[in-house]
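Just so you know, these numbers use all the heavy atoms, side chains as well, and skip hydrogens, waters and symmetry mates.
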Amino acid sequence: MEKELLEMTDYIHFSENNLDVYSIKLANFILGANVECESLLKELFKLTEHYQSLSEDEQKESLENSTYVQVNAVYKLDMKTIFMTSKIFYFQDIYSEPFKPFKYKKNKKDSRQIYNAIKHDKVNHLEAALNMLGTLFVLNSYFYPELINKDQDDRSKIFRGRTAYIEPLFLSGIDEIDKLDKKEVADYFESCSYYAWIQSPELKNPRDYALREINFMLENHRDETNRSLDDLLESRRERGKLYESNEYPFLLAVPVISLNNGKNISMLLDEAKEFYGALEQMKVPK
């Protein structure tokens, strides 16, 4: 479907000036993308604990109704933020920045309602097509988790999902980091399709040198570490780490990237309790 939309750039200039351009071809494209989304929603719904707790008759009945609410409760679809990477798109405003396709509304319709709205409200324009394909991209990311390991050439030519940096996720579990808003970090995590986290051997068996590195960071780089989420993200994007140092903690410098498939920040912090407990025993200076 991406190929089909990209072919439309031959006669539509993909920019803010043309977001309201509409055609029968765009309407058919939106219908096709919506059918794919509904199919993936049903398949993801079958994987939920709610569906698996139902009787066979209840399962059949539930699949005949909207499955979005239950799937969204697990994957936080309406929070997921993506961005466009195609070099033949020329957006300079809203779609030049990360956006949430499941939050899209036009004529009081959201992306899940566009399928029916096409028949009544002429919601068959370019902006609807972009958001409809964006929702399909998000759903594909969860139904086909192996996509995260594909080479860039084999992945989406239009969209990328956000990856949550490990630093704010990890630091939000340390009490001494009091300038980092925990709720803001939780929302940031839920907005990302992927996240960077501690390599599992380090989590299960914290090594002395890793503990020393983290403790050294908290003791000697407190100003660069104890900051707001926006400040941490800015430093991370600009430098690739929070501060320049040859002793940058290994756990933060070499994380593993995982699919955010229904976890929340509290689950991550629960995983790291062993590590945080070891830090506490070292009496991290305030």
Side-chain angles (χ1 to χ4, degrees), residues 1-44 66-69 71-72 75-144 147-148 150 152-163 190-194:
M1 296 209 73
E2 283 195 355
K3 181 180 179 182
E4 183 179 348
L5 187 67
L6 289 171
E7 287 175 350
M8 295 185 198
T9 61
D10 290 341
Y11 49 87
I12 300 176
H13 187 257
F14 279 39
S15 68
E16 275 81 10
N17 293 333
N18 290 323
L19 287 174
D20 288 328
V21 166
Y22 64 91
S23 69
I24 296 298
K25 192 163 187 176
L26 278 170
N28 289 334
F29 175 84
I30 295 168
L31 286 169
N34 201 303
V35 169
E36 293 292 331
C37 285
E38 291 295 331
S39 176
L40 284 174
L41 278 170
K42 290 185 187 300
E43 293 304 316
L44 287 170
S66 174
T67 56
Y68 172 78
V69 173
V71 176
N72 186 56
Y75 296 101
K76 307 297 187 295
L77 300 175
D78 60 342
M79 292 287 290
K80 292 299 174 284
T81 302
I82 63 175
F83 55 96
M84 295 189 194
T85 59
S86 175
K87 295 181 179 179
I88 56 176
F89 291 177
Y90 301 94
F91 298 109
Q92 297 180 343
D93 192 10
I94 180 172
Y95 293 111
S96 66
E97 301 290 334
F99 66 103
K100 299 176 181 179
F102 278 94
K103 287 285 191 182
Y104 169 75
K105 288 190 176 182
K106 191 78 169 181
N107 297 338
K108 297 183 179 180
K109 303 289 183 180
D110 62 37
S111 55
R112 294 179 294 112
Q113 298 172 308
I114 290 175
Y115 184 88
N116 291 322
I118 289 172
K119 295 183 268 187
H120 307 294
D121 301 337
K122 293 186 177 179
V123 183
N124 53 5
H125 45 64
L126 177 60
E127 187 173 18
L130 290 168
N131 279 274
M132 198 71 254
L133 190 61
T135 63
L136 182 57
F137 168 77
V138 173
L139 293 171
N140 266 313
S141 297
Y142 290 115
F143 192 66
Y144 300 104
L147 290 175
I148 192 176
K150 295 284 187 180
Q152 292 292 345
D153 291 342
D154 297 325
R155 298 170 69 182
S156 172
K157 302 296 190 296
I158 296 178
F159 302 110
R160 288 288 182 272
R162 292 176 74 185
T163 299
E190 290 187 351
S191 76
C192 296
S193 300
Y194 313 100

**Request:** Enter the distance from Lys3:NZ to Met1:CE here, rounded to the nearest 0.5 Å.
**Result:**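 Going from NZ on Lys3 over to CE on Met1, the span is 13.5 Å.
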Side chain [X], main chain [Y], donor-acceptor under 3.5 Å:
X      : Y      : answer
Asn140 : Leu136 : yes
Asp78  : Phe102 : no
Lys80  : Gly161 : no
Glu190 : Met79  : no
Thr9   : Leu5   : no

Are side-chain heavy atoms of [X] and [Y] found at a separation under 4.5 Å?
X      : Y      : value
Thr135 : Tyr104 : no
Ile82  : Phe99  : yes
Phe159 : Met84  : yes
Tyr142 : Leu40  : no

Closest non-hydrogen atom pair, [X] against [Y]:
X      : Y      : answer
Leu139 : Cys37  : CD1-O, 3.7 Å
Ser156 : Arg160 : O-NH1, 2.6 Å
Glu16  : Ile94  : OE2-N, 3.6 Å

**Request:** If the plane angle is over 60° it's perpendicular, under 30° parallel, otherwise tilted; pick one for His13 and Tyr90.
**Result:**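 Geometry flag for Tyr90 against His13: parallel rings.
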**Item:** side chain to side chain contact (heavy atoms under 4.5 Å, CB included) assessment of Phe29 paired with Met8
**Value:** CA-CA 11 Å; Phe29 175 84; Met8 295 185 198; 3.9 Å; yes
